[in-house]
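Just below is one structure, and these are the notes that go with it.
A note on names: the letters A, B, ... follow the listed sequences, proteins ahead of strands, and every chain is numbered from 1. This one's a predicted model, so the numbers in the text were calculated from it and none came from an experiment.
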Protein chains: 2
Amino acid sequence: MKVTLSALDTYETSFTPLVVIELAQDVKEETKEWLRNRIVAKKKDGGAQLLFRPLLNKHEKETLGNDNLYLVGASRVRLLLGAEALGLVKESTDGTMRAFTHGTRHSFRGFHDDNDDFLTMAECQFIVKHELENLRARDEQMIPGCPQAKLYPGKSLLRRLLTSGVVLQVFPLHDHEALKKLEDSWYTRFSLRCQPIDRIRGYFGETIALYFGFLEYFTLALIPMAVIGLPYYLFVWEDYDKYVIFASFNLIWSTVILEVWKRGCADMTYRWGTLLMKRQFEEPRPGFHGTLGINPVTGREEPLYPSYKRQLRIYLVSLPFVCLCLYLSLYIMMIYFDLEDWALGVHDESGTEWTSVLLYVPSILYAIVIEVMNRLYRYAAEFLTAWENHRLESAYQNHLILKVLVFNFLNCFASLFYIAFVLKDMKLLGQSLATLLITSQIINQIAESLLPYWLQKKHSVKVKRKVQALKVNIDATFYEQVILEKEMGTYLGTFDDYLELFLQFGYVSLFSCVYPLAAAFAVINNFTEVNSDALKMCRVFKRPFSEPSSSIGVWQLAFETMSVISVVTNCALIGMSPQVNAVFPESKTDLVLIVVAVEHAILALKFILAFAIPDKPRHIQMKLARLEFESLEALKQQQMQLTAESLKEELRKGGKEMA
Amino acid sequence: MKVTLSALDTYETSFTPLVVIELAQDVKEETKEWLRNRIVAKKKDGGAQLLFRPLLNKHEKETLGNDNLYLVGASRVRLLLGAEALGLVKESTDGTMRAFTHGTRHSFRGFHDDNDDFLTMAECQFIVKHELENLRARDEQMIPGCPQAKLYPGKSLLRRLLTSGVVLQVFPLHDHEALKKLEDSWYTRFSLRCQPIDRIRGYFGETIALYFGFLEYFTLALIPMAVIGLPYYLFVWEDYDKYVIFASFNLIWSTVILEVWKRGCADMTYRWGTLLMKRQFEEPRPGFHGTLGINPVTGREEPLYPSYKRQLRIYLVSLPFVCLCLYLSLYIMMIYFDLEDWALGVHDESGTEWTSVLLYVPSILYAIVIEVMNRLYRYAAEFLTAWENHRLESAYQNHLILKVLVFNFLNCFASLFYIAFVLKDMKLLGQSLATLLITSQIINQIAESLLPYWLQKKHSVKVKRKVQALKVNIDATFYEQVILEKEMGTYLGTFDDYLELFLQFGYVSLFSCVYPLAAAFAVINNFTEVNSDALKMCRVFKRPFSEPSSSIGVWQLAFETMSVISVVTNCALIGMSPQVNAVFPESKTDLVLIVVAVEHAILALKFILAFAIPDKPRHIQMKLARLEFESLEALKQQQMQLTAESLKEELRKGGKEMA
């Protein structure tokens with residue numbers, strides 16, 4: 001993709017625009033000039049040494065009257081050196097994965113001095129983003145032309161520009177050629193082959209590729225469950241022993257698939273290099289505030305916020321608030337069940353058509369209330385977590401995820417738990433489970449992908465018309481692309497997608513033996529989910545910045561916790577089934593004791609299994625060991641030379657003293 | 001400590017003997033000469049560059065007729081360079097911990113060119129041991145003068161010498177002056193102060209210091225339990241609510257102390273430098289065998305053994321064998337209970353004096369059988385684990401520990417579980433617990449320390465008399481020391497000591513609410529245990545080689561597992577107590593369900609607590625982060641220079657092309 005606009009004002013012969021910076025309309029020329037200088041300046045002068053130009057040249061600006069969009073690119077060497085600074089890991093010609101260095105660039109597979117494919121476009125964009133974020137204030141007290149935006153030495157300029165509203169957004173550009181290819185092999189033609197995970201990774205980066213990889217893996221892993229579950233539905237099997245078989249299979253299955261995923265994930269991320277990538281030192285997140293002081297780790301000046309204050313906020317405000325919300329959610333659920341009872345009572349007393357409609361009212365009300373509460377809680381959780389003032393983005397994310405997860409878990413499953421263990425109505429449990437699972441899947445698919453896609457399409461037609469109406473004397477394709485993408489929604493990360501899978505996993509595993517068909521519905525949903533999520537990524541949202549990651553992180557823990565809870569619920573359900581109760585007609589206590597003993601045994605087995613299955617496949621372990629050994633050997637070689645020299649010197653000294 | 005024998009045959013003015021090598025009596029002169037050459041040879045010629053001399057010079061040899069003992073030492077520079085090769089971590093003058101390098105030696109606290117205290121004697125001995133073990137075969141096909149001892153390039157010479165019986169043993173020497181000081185501050189005067197852990201570490205190394213640190217910590221942690229337990233015994237409290245309070249306290253206590261220990265341990269090992277020490281690449285353990293091949297990690301020739309064969313041996317032989325032993329142990333326990341019943345029956349029928357003696361016979365028999373089984377099983381476990389042919393010593397140790405732990409756990413606690421949950425006789429449970437705890441403590445103290453000490457003392461008097469009878473013309477102190485220490489037993493590691501603590505922890509926590517006095521007995525035992533173990537280390541055994549370690553390793557996991565099991569047993573005991581049963585007179589099922597619910601809640605709380613308490617104290621985390629940051633910064637600096645140079649070069653090239 002070559003730029004078709006003519007604004008090439010340096011000696012560079014080719015400029016590939018990678019990232020777009022949108023400034024606010026009212027930014028002064030002084031600020032723009034300063035920003036340009038800092039981005040273009042040499043590294044040793046505190047710049048980012050990137051290429052920077054306006055989207056439109058002077059002539060075009062006059063025509064279109066829009067001059068707040070800028071393109072950032074970088075020369076090839078600059079990108080390679082950026083890759084080295086980031087610690088990007090690439091495959092070398094001898095098949096091992098190594099951290100890329102510019103000095104040894106020729107020893108990496110696929111590197112030639114004259115090809116541009118060595119770094120994927122996603123990697124280039126990530127490098128540019130990283131360099132922009134690492135552009136730091138030197139002796140400036142504030143952003144020129146913007147006195148309210150204070151700076152201190154070492155403060156990331158881009159972050160201050162964003163928080164002070166000078167820069168509205170920074171986003172990477174789509175590559176329509178590559179996107180087309182990706183789409184063709186991904187979702188446009190319906191077929192049953194696997195997703196092109198490596199290509200997704202090349203285009204969107206590791207975090208998103210891992211999500212799609214997990215989605216696919218999880219769907220495939222559900223198929224055996226779905227197949228085994230079908231006959232239960234078809235032949236209305238309700239024997240005790242068949243339930244036990246299904247539940248036992250389910251329990252072992254849920255442990256094994258999570259362990260196997262860990263191994264598969266290590267395999268993938270080793271191939272991608274992120275398993276070996278060293279984490280950079282994390283900067284404070286943009287929203288973090290505090291009194292200026294010296295960071296004890298870096299020795300740099302930055303805002304500091306005492307840890308005990310944060311702990312107080314977490315334990316004295318956030319924790320009680322979350323508990324209160326959970327209580328409230330339970331309380332509303334109880335009201336719902338009361339309403340349902342009341343409606344049933346009214347219908348039984350005077351069974352008219354109106355009262356039969358009344359039967360549906362509580363469910364509809366409850367669904368609406370839950371949805372409203374979910375949204376309100378999400379805002380509250382985001383506000384509270386921001387107010388806790390975490391220094392790191394990762395800590396912020398973890399605290400937010402924990403808060404949202406707990407609440408969503410309760411909201412989705414509390415009524416099921418109530419039906420299962422208080423009402424003990426297995427028939428109703430199966431019905432509720434089916435209703436919840438299917439409706440949530442349909443609503444999600446529509447609200448998440450199809451609706452935004454439709455809106456996006458409408459908007460895109462409008463923009464195209466507008467651009468064509470301009471009839472200016474430039475190649476409008478690129479201009480149109482930037483204007484279109486600027487207006488697209490921002491993909492807020494994989495959180496909601498994982499949450500959906502997590503809740504689905506709950507529906508499938510928590511009460512599996514009551515509704516064995518759940519897995520089949522989940523499989524069907526996920527086959528379409530792959531496509532609608534792919535559509536969403538490619539067509540609805542701005543291209544997200546690639547983000548290296550070596551695993552699905554906290555979600556692994558969340559899924560494992562869910563599978564532990566599912567052991568408890570499944571054992572309890574089997575213990576409560578009338579068939580099992582019939583085996584112990586005289587003593588219920590013995591039954592309970594046996595069920596508890598079995599449950600403990602299964603839990604112990606789960607932990608032993610998780611402990612005994614290595615997290616990384618053997619060949620990855622070997623490769624990692626080899627890498628470590630090599631670095632130790634290199635160190636030893638260095639020391640051996642040192643030893644020889646030092647001993648020589650020591651002997652010479654000794655000789656002198658003796659003489 | 002200067003050597004008082006006269007065998008100083010190099011230009012070195014001082015030779016501190018660190019390590020003794022004992023050769024077999026029938027070793028040929030050729031082998032001795034070759035060994036001497038290899039140890040003394042320069043590093044670059046494949047030697048160890050250490051100092052090496054016989055214990056006796058020629059004149060003395062003729063008098064004493066004993067020439068198979070050799071002393072190994074090292075020059076000061078050699079030791080410093082060895083410390084660097086090992087990656088020893090020391091405190092630098094700015095208070096941070098850094099890997100020692102000879103080049104930057106002056107930046108470390110306590111380093112002067114003319115003092116010898118910088119490295120502790122234990123460290124020096126560890127360095128010498130490491131250098132000896134790393135002395136490797138070059139092109140030799142066998143050990144000269146010993147054709148049956150085959151060699152291949154890269155094989156550790158010392159290990160082959162040991163396995164072929166040429167070298168009988170290698171052991172470090174005690175330093176009587178330092179030992180005296182250590183003993184004075186440790187155990188000779190009885191007082192209630194803390195142990196001098198740092199001094200123990202300086203003399204015996206980190207692994208042993210960590211054991212004593214854990215013993216002390218554990219004892220202090222038991223004191224609150226003991227204090228709370230006392231009034232239950234004194235006032236015969238048997239109320240339900242008091243038991244519940246005691247058990248709840250016990251459960252939270254056991255979780256918290258283990259978490260706090262992890263933090264304390266990180267604190268200590270950071271100070272000692274082992275927390276930061278990089279693990280060296282592990283060599284195959286001496287007993288490992290296989291077909292010669294290329295190790296895929298190191299690329300060196302060494303014996304290889306396919307992993308699947310090992311897995312088969314573990315899962316098809318070892319696992320069934322262990323299960324069989326566990327079954328046998330349970331079977332014998334059942335026979336014991338039958339015997340006891342029978343004896344009671346006989347006594348009840350015809351109550352003579354003889355039959356009242358008969359009452360004790362089953363217990364005595366059972367105790368003897370258990371002891372015999374324990375020993376037999378230990379041999380079998382060692383044999384099996386060796387036969388599994390693990391490549392690494394650490395894997396061997398882990399598999400052995402697991403085997404022995406499971407069996408010991410069952411042997412010690414099976415009868416208690418039987419009494420508690422099958423016989424449901426709480427009175428008998430309390431009695432059995434007390435008997436088992438107290439007798440095992442007394443027997444251990446005697447068998448482990450006092451008896452060997454007495455034997456050792458007798459032997460030492462004999463040797464002294466013998467040496468004095470010689471009346472040779474040499475300073476006999478050092479000769480006597482070596483001869484004495486040569487005959488001392490070898491300390492086989494901390495395994496048995498930890499096992500004792502582990503079982504004690506089981507007695508205290510598993511059934512704590514039945515016998516609240518257990519903690520008090522454990523505390524009393526441990527106060528004397530500290531002293532008897534100290535005596536054992538200082539007086540009974542050869543000095544062990546120091547072994548760096550950063551935690552108590554697999555024992556942390558073992559103790560945590562025990563504390564999980566104790567939650568289950570304590571909840572069950574409380575649920576079974578008549579007072580609790582009285583609260584639910586009509587429905588036992590409700591009672592069981594409530595107990596199970598509480599148990600699950602406590603277990604969940606335990607896991608959340610373990611997750612929420614960070615494993616390292618904040619200041620250690622900060623220091624580690626700082627170290628990581630600094631190494632990243634150093635890397636960046638390096639890359640920045642590179643960047644500048646590369647860009648310059650690139651520009652020059654570009655300029656040329658343009659021209």
Students often mix this up, so state it plainly: with edges at 30° and 60°, are the rings of F607(B) and F607(A) parallel, tilted or perpendicular?
parallel

Quick one: closest heavy-atom pair of P296(B) and M622(A), and the distance?
CG-CE, 2.9 Å

Going by side chain to side chain contact (heavy atoms under 4.5 Å, CB included), T589(B) matches just one of T589(A), L591(A), D590(A). Which one?
T589(A)

Inter-residue atom distance K588(A).NZ - L593(B).CG, 0.5 Å rounding
7.5 Å

If I measure from the heavy atoms of chain A, does S307(B) come under 4.5 Å with its side chain, its backbone, both, or neither?
side chain

What part of F611(B) is in contact with chain A, defined as an atom under 4.5 angstrom from a non-hydrogen atom: side chain, backbone, both or neither?
side chain

So what's closer than 4.5 Å to chain B heavy atoms on I565(A): side chain, backbone, both or neither?
neither

What distance do E599(B) atom CD and H600(A) atom NE2 have between them, rounded to the nearest 0.5 Å?
3.0 Å

For F111(B), enumerate each residue passing the ring pair (Phe, Tyr, Trp, His ring centres under 6.0 Å) test, keeping only those at least two apart in sequence or located in another chain.
H106(B), F118(B)

Proximity breakdown for V564(A) and chain B, heavy-atom pairs closer than 4.5 Å
neither

